[in-house]
Amino acid sequence: MPGFLRTVATRVALTVRGHTIIQRANLQTRPARERIGPVETVVAFTMFSLALLGPSGWILAHLEDYKKKE
């Protein structure tokens, strides 16, 4: 029964919407124009990790300061 209702709902939705424009992503299957070196890769991963883990590390390092009630 749920399959039947899904089919009916899909067909009704397509009929109600009418003609719609289908958007597609432009995918590139060619290799990159420039190769990224290992130093650039390490710097990028380091900065990304620091951006994600830095704030949480700061909070965990100063957790006792946040617990104090003044």
Got a list of side-chain donor-acceptor pairs under 3.5 Å for residues 54-63, not counting sequence neighbours?
unit_1 : atom_1 : unit_2 : atom_2 : d
S56    : OG     : L53    : O      : 3.1
H62    : ND1    : W58    : O      : 2.9

Counterpart residues, side chain to side chain donor-acceptor pair (under 3.5 Å), relative to R35 (two or more places apart):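 Listed in chain order: nothing, the list is empty.
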Sequence neighbours excluded - salt bridge (Lys or Arg N to Asp or Glu O under 4.0 Å) pairs with any residue from residues 42-59: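 Checked against salt bridge (Lys or Arg N to Asp or Glu O under 4.0 Å) - neighbours excluded - no pair reaches residues 42-59.
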T41: side chain to side chain contact (heavy atoms under 4.5 Å, CB included) partners, not counting sequence neighbours: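 Partners of T41 by the side chain to side chain contact (heavy atoms under 4.5 Å, CB included) criterion, ordered by chain and then number, come out as I36, F45.
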Heavy-atom closest pair, residues V42 and T46: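 That closest heavy-atom pairing would be O-OG1, 2.7 Å.
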Salt bridge (charged side-chain N to carboxylate O under 4.0 Å, His left out) involving E64 - partner list, sequence neighbours excluded: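 In terms of salt bridge (charged side-chain N to carboxylate O under 4.0 Å, His left out), with neighbours along the sequence ignored, E64 is linked to K67.
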